[in-house]
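For reference, the structure is listed below as structure tokens.
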Number of protein chains: 2
Amino acid sequence: MMNRLPVAERREQLIEAALAVASRDGIDAATVRAVAAEAGVSLGVVHYCFQDKDELLRAMAHAITAANLERSLGELPVEKEDPESVIEGIIDALWTGIKESRGPQLLSYELTTSSLRHSELNQVAIEQYRGQWAAAEQVLNLVERSAHVGWSVPRGTLARTIVAVVDGFSLAWLVDGDSEAARSGLQGFGRFLATMAVPAPVDADAAATPA
Amino acid sequence: MMNRLPVAERREQLIEAALAVASRDGIDAATVRAVAAEAGVSLGVVHYCFQDKDELLRAMAHAITAANLERSLGELPVEKEDPESVIEGIIDALWTGIKESRGPQLLSYELTTSSLRHSELNQVAIEQYRGQWAAAEQVLNLVERSAHVGWSVPRGTLARTIVAVVDGFSLAWLVDGDSEAARSGLQGFGRFLATMAVPAPVDADAAATPA
DNA sequence: ACTTGACTTGGACAATCGACCAGGACGACC
DNA sequence: GGTCGTCCTGGTCGATTGTCCAAGTCAAGT
């Protein structure tokens, strides 16, 4: 009944099916049977493409982490203005992206907690956060170049704070659905972030020096 | 083999057993059998005391929420100083409490995500957050009275921000275990919070006027 | 046409889960 | 001491799960 596909493509199809099921109905609903049904293949195919269910879940976690980062870093507005405006634009774009992906966002938190409990998913959570911290640092880089500023506190500390605040507001929004409160709360944090910006030494743009 | 107890006391014992199992091994490990074994009773007792497994989980969620709030609001240092010092003391006490309860903290996030997926636990997450927001407002009240200040932004907004930031840093700490980064990050937020404090009009304590 | 290898099918299995039940044990009260 | 209601026991049931497997199907190469 189903088209025949090389195993590599079938794997990607199953990963997307798992992502669809888990985003819609939760990580516990992503059983082998549900994923197979979502993909329109029969039960055995999953274990033909993946050794374990855990291997499938790890692949799914890797996929959603990559998708989240791409979404966060993809649509960044680049205008050269004062730090407040640059940060405000970034936060608006970021929050718009989050608001439109409630299911995957909730799934990300489910994956984080599951990773912290089950040793088979050991690396999932830390990889999620390493990626998010790196993405936050790239956002800081963008603000630096756009607004010609530096930072009065270490970048790593700032990046960790950004991720924590976005996570916290997102989680609260998932619970009570008040997206306006989340947006304005994030903008308030953005104004705080702007106070951390200090004018950059001239010609700092092309200085691609430090690690 | 087991002492006979009135059903009310047995319920509380089972709730604590469920709390112990779920804090140690995760919410998925809190099966009816595991809870019964932890409490040292046999399988049927659980369904004698609770209609469902879901009723047990709801009771457990209510218990851990109450415990978290009691822990947060219980050990608040009360010294009359400048806002920065008062906030710094509160954050240190708060973080010390969180740091010493990793299992229950992780369980709280598991309950939040589970509540958002399973309709049987519908009310759990929102009750968690309503409690936390109210607790944050009480903390703001404490700062007001201790340091004689008011706030330049609405209290509800501020409370939501506090909960979001604490949640975000806690979640990151659960993942990478860097408690020093969490503590210093929270202190950085505390200094931001202090900038939101404005000197209170004299005798403003009893003024419960504006919205 | 036939073989080979890749891919698919759907059933079977043991394990685990929540739920349920018939009966035993215990204490209180008449 | 007998009766009754409360509480406890441990087995059983059906449903769901991950895993495995023997057989089937199809396209490509000889």
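These figures come from a predicted structure and were not determined experimentally. Chain A is the first sequence line, chain B the second, and so forth, proteins listed ahead of strands; every chain is numbered from 1.
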Rounded to whole Å, CD of A:E120 lies from P of D:dG18 at a distance of 12 Å
Contact check, residues 52-61 of chain A vs DNA chain D, heavy-atom distance under 4.0 Å, returns A:D52, A:K53
Separation of C:dT9 atom P from A:L5 atom CG, nearest Å, is 11 Å
Side chain to side chain donor-acceptor pair (under 3.5 Å) pairs touching residues 40-60 of chain B, sequence neighbours excluded, are B:R11-B:E55
A:R11 CZ to C:dT8 P, in whole Å, measures 13 Å
Show me the protein contacts with nucleotides 24-30 of chain C, counting only N or O atoms at under 3.5 Å.
residue	atom	partner	partner atom	Å
C:dC26	O2	B:R4	NH2	3.4

When rounded to whole Å, the CZ to C1' distance for the pair A:F50 and C:dT8 reads 16 Å
- Task: Name the nucleic acid region contacted by A:V7, choosing base, sugar-phosphate or nothing; use a 4.0 angstrom heavy-atom cut-off, strictly under.
- Result: sugar-phosphate
Residues in residues 106-116 of chain B with a heavy atom under 4.0 Å of DNA chain C, by number, are none
Residue pairs passing the ring pair (Phe, Tyr, Trp, His ring centres under 6.0 Å) test with at least one member in residues 86-135 of chain B, sequence neighbours excluded, are B:W95-B:W173, B:Y129-B:W133
So salt bridge (charged side-chain N to carboxylate O under 4.0 Å, His left out) across residues 121-133 of chain B, not counting sequence neighbours, yields none
| query | Okay, side chain of B:T31, backbone of B:A34: is any donor-acceptor separation there less than 3.5 Å? | reply | yes
Quick note, ring pair (Phe, Tyr, Trp, His ring centres under 6.0 Å) partners involving residues 3-27 of chain B, not counting sequence neighbours, are none
In whole angstroms, the gap separating C1' of D:dG11 from CG of B:L43 amounts to 10 Å
Here the distance between atom P of C:dC7 and atom CD of A:E9, to the nearest Å, is 10 Å
Would you confirm whether A:S114, through its side chain, and A:E110, through its main-chain N or O, come within 3.5 Å as a donor-acceptor pair?
-> yes
Do the side chain of B:T112 and the main chain of B:A125 share a donor and acceptor less than 3.5 angstrom apart? no
Under 4.0 Å between a side-chain N/O of A:R10 and OP1 or OP2 of C:dA6, yes or no?
-> no
By side-chain hydrogen bond (donor to acceptor under 3.5 Å, both in side chains), A:T113 pairs with (sequence neighbours left out) none
Sorted by chain and residue number, the side-chain hydrogen bond (donor to acceptor under 3.5 Å, both in side chains) partners of A:T161 (sequence neighbours excluded) come out as none
Has the side chain of B:S23 got a donor or acceptor atom that lies under 3.5 Å from a matching backbone atom of B:G103? no
Query - Any side-chain donor near an acceptor of the partner, B:R10 and B:Q13, under 3.5 Å - result: yes
Sorted by chain and number, sequence neighbours left out, side-chain hydrogen bond (donor to acceptor under 3.5 Å, both in side chains) with A:R71 holds for A:N68
Note: contacts of residues 25-35 of chain A with DNA chain D (heavy atom, under 4.0 Å) are A:T31, A:V32, A:R33
To the nearest angstrom, the NE2-P distance between A:H118 and D:dT17 comes to 16 Å
Can you check whether A:Y48 has a side-chain N or O nearer than 4.0 Å to OP1 or OP2 of C:dT8? no
#### Entry: CD/A:E16: more than 12 non-hydrogen atoms of other groups inside 6.0 Å
no
Applying side-chain hydrogen bond (donor to acceptor under 3.5 Å, both in side chains) to B:N141 and not counting sequence neighbours gives B:R155
Testing D:dT9, C:dG10, D:dT19 for proximity to the side chain of A:H47, the answer is D:dT19
Rounded to whole Å, the CG-C1' distance (A:N3 to C:dA6) equals 15 Å
